[in-house]
Amino acid sequence: MTTHRREVKPRYGRIAALSSALTVTVVAALAGLGVFTSGTANAGAAAGDAAYTSSTTPSPLITAPARPLTTEGVTTGQPATRGTAAGAAAVAVPADSGTGRRVVFSQGLQRVWLLSAHDTVKRTYLVSGSVTDNLQPGTYSVYSRSRWAVGVDDSGVMQYFVRFTQGPTGAAIGFHTIPTQNGVPLQTAAQLGTPQSHGCIRQRTPDAIALWKYAPDGTQVVVVA
């Protein structure tokens, strides 16, 4: 009698499925324990980074604030036209202002320049000249200086008075700080650049000190229209 044995074929499908399920379970367990991060998580993070990078609009370039027009590092004090072509023209030394070491005052621009022997601008700034027509264009020279002074008819106390000529009445004309009466300035610094005085040229205190140091007796002063 012949016995027929039935051949048992391995069920590869079930084995593969079981193996796959086991692998997933192990991976999930290890990932939960923090042993390693799954490739899917890494891919998701990378995709997120890429999406953020590609969707973010680059920030505009941050530029430094426009610097005030300067000459040899000295601020010109021309806020209204700072950094513009008009500003450059406004602070240019007048063409008819002579040469060499000198102080230049433009009545039309209400501006002063301190120039070196080589015509280099050492400092330039706005001032307040006279509201009257008491100063003629021309070349003068410093003849007297006073650390403190009192105006005609008690018109105020002033400092760093540098005189270079006299008016029709014989009163001295020169550069000085904004006068004060009882400690109160007769004008504001914001008004510099417009005629405000009754004869002299008013300056901010730092500018008055700079001119005082720069213009001893005999210094040339050029006044232009």
Side-chain angles (χ1 to χ4, degrees), residues 65-83 87 90-94 97 101-117 120-132 134-135 140-167 171-224:
R67 296 180 61 187
L69 290 171
T70 56
T71 314
E72 288 212 345
V74 180
T75 303
T76 64
Q78 179 73 29
T81 53
R82 190 171 289 171
V91 299
V93 181
S97 64
R101 193 178 189 281
R102 65 199 186 281
V103 176
V104 174
F105 167 49
S106 169
Q107 297 182 93
L109 296 176
Q110 293 290 290
R111 178 175 285 278
V112 162
W113 291 260
L114 309 184
L115 293 120
S116 73
T120 298
V121 177
K122 308 299 287 186
R123 191 180 189 95
T124 181
Y125 50 89
L126 294 175
V127 297
S128 283
S130 176
V131 295
T132 66
N134 67 329
L135 182 58
Y140 305 86
S141 63
V142 175
Y143 70 86
S144 174
R145 307 188 328 150
S146 297
R147 175 64 179 78
W148 292 88
V150 177
V152 177
D153 298 327
D154 194 26
S155 57
V157 177
M158 56 208 71
Q159 301 183 58
Y160 303 101
F161 197 163
V162 178
R163 305 173 182 87
F164 62 87
T165 190
Q166 294 178 340
I173 296 176
F175 305 95
H176 55 67
T177 58
I178 295 172
T180 60
Q181 285 184 331
N182 299 318
V184 179
L186 296 184
Q187 72 169 83
T188 66
Q191 291 175 309
L192 293 170
T194 61
Q196 297 287 329
S197 81
H198 295 285
C200 291
I201 299 101
R202 299 173 177 177
Q203 312 162 104
R204 291 186 313 119
T205 299
D207 294 325
I209 293 173
L211 189 143
W212 170 271
K213 293 178 178 179
Y214 199 74
D217 287 1
T219 300
Q220 186 181 77
V221 176
V222 180
V223 177
V224 298

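- With contacts defined as side-chain heavy-atom distances shorter than 4.5 Å, the pair Val112/Asp207 does not qualify.
- A donor and an acceptor atom, one from each side chain of Ser128 and Gln187, are located under 3.5 Å apart.
- Inter-residue side-chain proximity for Val222 and Val103 is flagged as unmet; no heavy-atom pair is nearer than 4.5 Å.
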- Message: Set out, in order, the CA-CA distance, both residues' side-chain angles and the distance that settles side-chain contact (heavy atoms from CB on, under 4.5 Å) for Thr124 and Leu114, then state yes or no.
- Response: CA-CA 6 Å; Thr124 181; Leu114 309 184; over 6 Å; no

- Verdict with supporting geometry, Val127 and Arg111, side-chain contact (heavy atoms from CB on, under 4.5 Å): CA-CA 5 Å; Val127 297; Arg111 178 175 285 278; 5.7 Å; no

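- Side-chain contact check for Tyr143 versus Val221: every heavy-atom pair is 4.5 Å or farther apart.
- When only modelled atom types and interatomic distance are considered, Arg202 and Gln196 share no side-chain donor-acceptor pair under 3.5 Å.
- The distance from the CG atom of Leu211 to the CD1 atom of Ile201 is 9.5 Å, given to the nearest 0.5 Å.
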- Query: Under the side-chain contact (heavy atoms from CB on, under 4.5 Å) criterion, do Val224 and Gln107 qualify, and how do the steps go?
  - Reply: CA-CA 6 Å; Val224 298; Gln107 297 182 93; over 6 Å; no

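- With a 4.5 Å cut-off on side-chain heavy atoms, Val157 and Gln181 do not count as touching.
- In this structure the side chain of His176 never reaches within 4.5 angstrom of the side chain of Trp148, judged on heavy atoms.
- Annotation: side chain of Arg101 is not in contact with side chain of Ser116 (no heavy-atom distance under 4.5 Å).
- For the atom pair CD1 (Ile173) and CZ (Phe105), the distance works out to 10.0 Å, reported to the nearest 0.5 Å.
- Arg123 forms no cation-pi arrangement with Trp113, by the criterion of a distance under 6.0 Å to the ring centre and an angle within 45° of the ring axis.
- Within the 3.5 Å criterion, the main-chain N or O of Thr219 finds no donor-acceptor partner in the side chain of Tyr214.
- Between the side chain of Arg102 and the main chain of Ser97, a donor-acceptor pair closer than 3.5 Å is present.
- Proximity of Arg145 to Phe161: side-chain heavy atoms (C-beta onward) are nowhere separated by under 4.5 Å.
- Atom-to-atom distance recorded for Gln191:CD and Leu126:CG is 12.5 Å, nearest 0.5 angstrom.
- Between the side chains of Arg204 and Thr177, no donor N or O sits under 3.5 Å from an acceptor N or O.
- Distance OG/Ser197 to CD/Gln203: 11.0 Å, rounded to 0.5 Å.
- Closest approach of Ala172 to Cys200, counting heavy atoms only: O-SG, 3.6 Å.
- Contact of the Ser130 side chain with the Leu135 side chain is not registered, since no non-hydrogen atoms from C-beta on lie closer than 4.5 Å.
- Taking the six-membered ring for Trp and the full ring otherwise, Phe175 and Tyr160 have centroids separated by 6.0 Å or more.
- Between Ser146 and Ala149, the closest heavy-atom pair is CB-CB, 4.5 Å.
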